[in-house]
2 protein chains.
Amino acid sequence: MNNNYELYKVFYWAAKTGSLTQAAKTLFLTQPSVSHAIKQLEDSIGLTLFYRNSKGVALTQEGAILYSYIEQSHILITLAEEKMAALKTLESGDLRIGGSDSLFKHYLLPYLEDFHLKYPGVKLHLNHGTTPEVISFLKEGRIDLGVVRMPIVDPQLQVRESFLLQDCFVAGAAYAELKDKVLSLDTLLQYPVILFSRNSRARMTITEIFQSYGYTIKPEIEVGSVDLLIEFARRGLGISYVTREFVSKELEEGSLFEVRLDVPLPPSHVGIMTMRNMPLTSAAIRFIELIG
Amino acid sequence: MNNNYELYKVFYWAAKTGSLTQAAKTLFLTQPSVSHAIKQLEDSIGLTLFYRNSKGVALTQEGAILYSYIEQSHILITLAEEKMAALKTLESGDLRIGGSDSLFKHYLLPYLEDFHLKYPGVKLHLNHGTTPEVISFLKEGRIDLGVVRMPIVDPQLQVRESFLLQDCFVAGAAYAELKDKVLSLDTLLQYPVILFSRNSRARMTITEIFQSYGYTIKPEIEVGSVDLLIEFARRGLGISYVTREFVSKELEEGSLFEVRLDVPLPPSHVGIMTMRNMPLTSAAIRFIELIG
DNA sequence: ATTGTTCATAGATGTGGTCTATAGCTCCTG
DNA sequence: CAGGAGCTATAGACCACATCTATGAACAAT
C-alpha cells in the first residue's frame, strides 16, 4: 500500500459530507472523479470504506476507523496551511537579529518599533555581540540577519549597505578651547582620548587611520559601551571617538561638540548581513525592505 | 492554497532524509520530479521551505514549522495504513454477531472458538436476542451478521442457508413406554408438552404444524431456555420440543430418546443474515466462509 | 584538475486523473 | 403508478500535468 495522499483528501470530504456529490463540489471536481478516487482507495487498501445508497454514502466500520485517523491528519494539514499563510502575511513568525547594543539602541530602535507595530504577531529576538560574534551567530543559524559596521568581507555572507554613519571625535565643555579649531592628528594625541574597549569595527578603523599617517593612537581611557563614551566626554574626562549620529542629541543641545580634524575620517556604512544562498524568512525580507 | 496532499508526502520525505535524491529513491521517483514537487509546494505556499546546497537540502525556519505539522500528519496516515492492513488480514478488528443463546451455545460455539484461535486479534461481540430483535440489531448497524432459524423473509436482508437442523420431541425415562412407538399428533397431545416460552421461530413452527393438521398444541410447561427444555424432559416433567442436534449428547447417552411421530416435522436451516447491499467487514466475510 | 556529489532546468513523453454522457437504483410525489 | 429528482457506478474519451530523460551548474573532496 503506497497510496497517493490526494486520495485521502477525497476520502475525508466524502466521509465528512456523507456524499460523493458534495465532496466533489467541495473539491471542485465532478462526482465521477470522486467516485473513481474512492474506488481506487478501496482497491488499494482492499477494504470497502463506504456503503452507497440513493441518499449518499456512509462509512463502513472499517471506513470509520480509517476516518478517525484521516480526520486528525486533515486537521493537522489544515493547521499547517493556516500557519504557513500566517507566516507569509507576517501575522506570525520570528525575526532574529544580531548586532551591537549601540546599533540596536541608536540606529535600529525606530525600525524595530515600526516593524513591531506593523506586525505585532512576529516575535523579535535581539542578540547582541561584537561583529565576529554576530557573524558566527549567522553561520550557526541562530539569527536571521546581522546589523554591523561595514566593511565586511566574507564570501559566505551577503551584505547590503544601509545607512551611512560618520565617526568623529567629540568633547565636552572642559575642552571648549578646541571648539573652533581644526586639529592635526598629533595635536589630538596630546589630549586624553577615550575609545571603545572591545574589538569593535570603530576601534579598528580609527587605529588604522592613525597608523596610515604614521601615528599610534593610545586611549587614556577605554570603556565598554557607547553610552559611557558619551558620558565620559560630557564630564570632561577626555575626547571620545563616537559615531556622530549617536550623539546628535548632545551635539544639538551643546553638551558635546565635534572636534574637527585636518584629515578626513572616512564614513562607514551600516551593513545588513545575511547568509549568502540561504533563503530569508518573510519577516527578515520585510524587515530589510523596511530599513532599505 | 488548495494543495495536492501528495506534495506533502514528497515534502515529508525530502525533509526527513535531507536530500531530494534520497526522497526520490524512497518514493520511487526521479530526483527532478521531487525537485519540481518541492518547488510547486513552495510556490503555492509562497515561502521557501528548504535551502539547497551541494550536500542536500535543509529546512528553513518556515519549512521546519511546516514539517512539525506534516510529520504528525504523516505518522497518522502511516498508522491508518497499518491499521487498515491489520483489519484486512484480520490481525485486528471486530466481529459482532447476533443470535439466540441456544444457537450460540449449541451450534456456533465451535466456529467461534475456531475463528478466535485463527484470528485472536479480532474481538468477538455476541449479542443474543430473539429473531426479530436480531433483525433490528442488524438494521441498526449494531451487529455485522445475525444467526437465526430460517425462513426469514425481509427484502432488506440477505440470508445464506447454513446448517440444517431438525426439531423433534424428546422424553426421558419417565416416558420409556413411548420409546419404540410412533405417535400420532393427537396421541402426543395427551402427554404434557414442554415448549419454549418466547416467540421463537421453533415455537411458531410447531404451532403452525399442529394447526395445519387441525390440532392446537398447548404446552403444559413453558420454559425460557433450551437448557431448561432439555433438563425438564430428562426429569420426566413432560415431552420437550427441541432441536435434535442440540440434544445429541443426551440422545447418545440415553438420558433422552426421540419421540417419533407419524407425520414429518420439516427440517429448518440456520440462516446467516446480513444486510443486503451493505458491505461486510473482512472479519464477517471470513467468518461466514468458515461456517459455509 | 578530476571526479562525484548535490539540486535546477528544459523539453519530451505518456500516464492517469478528470471529464462528459449515460445507466441504474431508491425514494418521493402528484 | 408513472414520473421526477436525488444519488452513485460505469464507460470511454481526452488532455493536463506529473514524471521522465538529458543536461547544466555549483560545490566538495580527492
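Below, chains carry the letters A, B, ... as their sequence lines are ordered, and counting in each starts from 1.
- Side chains of A:Leu41 and A:Tyr8 form a contact here, defined as non-hydrogen atoms less than 4.5 Å apart.
- Here B:Arg142 pairs with B:Glu140 under the salt bridge (charged side-chain N to carboxylate O under 4.0 Å, His left out) rule; sequence neighbours left out.
- Taking atom NZ on B:Lys25 and atom C1' on C:dT5, their separation rounds to 11 Å, with Å as the unit.
- Shown here is A:Lys139, whose NZ atom has more than 12 heavy atoms of other residues, nucleotides or ligands within 6.0 Å.
- Residue B:Glu42 contributes atom CD, which lies 12 Å from atom C1' of C:dA8 at whole-angstrom precision.
- Between A:Tyr8 atom OH and C:dG17 atom C1' the separation is 18 Å, expressed in whole Å.
- Counting to the nearest Å, the C1' atom of C:dT9 and the CD1 atom of B:Ile38 are 16 Å from each other.
- Judged by distance alone, the side chains of A:Thr274 and A:Arg160 do bring a donor and an acceptor atom under 3.5 Å apart.
- Counting only N and O atoms by type, the side chains of B:Tyr107 and B:Ser162 include a donor and acceptor under 3.5 Å apart.
- In this structure, A:Tyr51 and A:Val57 have side chains that are not in contact, with every pair of non-hydrogen atoms separated by 4.5 Å or more.
- Remark: B:Ser268 pairs with B:Arg149 by the side-chain hydrogen bond (donor to acceptor under 3.5 Å, both in side chains) rule, at least two apart or across chains.
- Regarding A:Asp43, its CG atom lies at a distance of 14 Å from the P atom of C:dG16, rounded to whole Å.
- Residue pairs that meet the side-chain hydrogen bond (donor to acceptor under 3.5 Å, both in side chains) test with at least one member in residues 59-68 of chain A, sequence neighbours left out, are A:Gln61-B:Asp144.
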With 3.5 Å as the limit, what N/O pairs link the protein to nucleotides 26-30 of chain C?
{"from": "C:dT26", "atom 1": "O4'", "to": "A:Ser54", "atom 2": "OG", "distance (Å)": "3.4"}

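- Contacts between residues 60-71 of chain B and DNA chain D, counted as heavy-atom distances below 4.0 Å, involve no residue at all.
- Taking only side-chain nitrogens and oxygens, B:Thr21 never comes nearer than 4.0 Å to OP1 or OP2 of C:dT5.
- Following rounding to the nearest Å, B:Arg52 (CZ) and D:dG24 (C1') show an atom-to-atom distance of 17 Å.
- For the pair A:Arg276 CZ and D:dA26 P, the interatomic distance rounds to 13 Å; values are reported in whole Å.
- Contact check, A:Lys39 against D:dT10: a side-chain N or O comes under 4.0 Å of OP1 or OP2.
- With hydrogens and angles left out, the side-chain atoms of B:Tyr69 and A:Glu82 include no donor and acceptor closer than 3.5 Å.
- We find that OH of B:Tyr51 is positioned 16 Å from P of D:dC27, with the value rounded to whole Å.
- You'll find the ring centres of A:Tyr111 and A:Phe115 outside the 6.0 Å limit.
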Does the protein touch nucleotides 16-21 of chain D at the base, only the backbone, or not at all? Give it as B, S and - per nucleotide, heavy atoms under 4.0 Å.
--SBBB

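- The shortest side-chain heavy-atom distance between A:His269 and A:Leu165 does not fall under the 4.5 Å cut-off.
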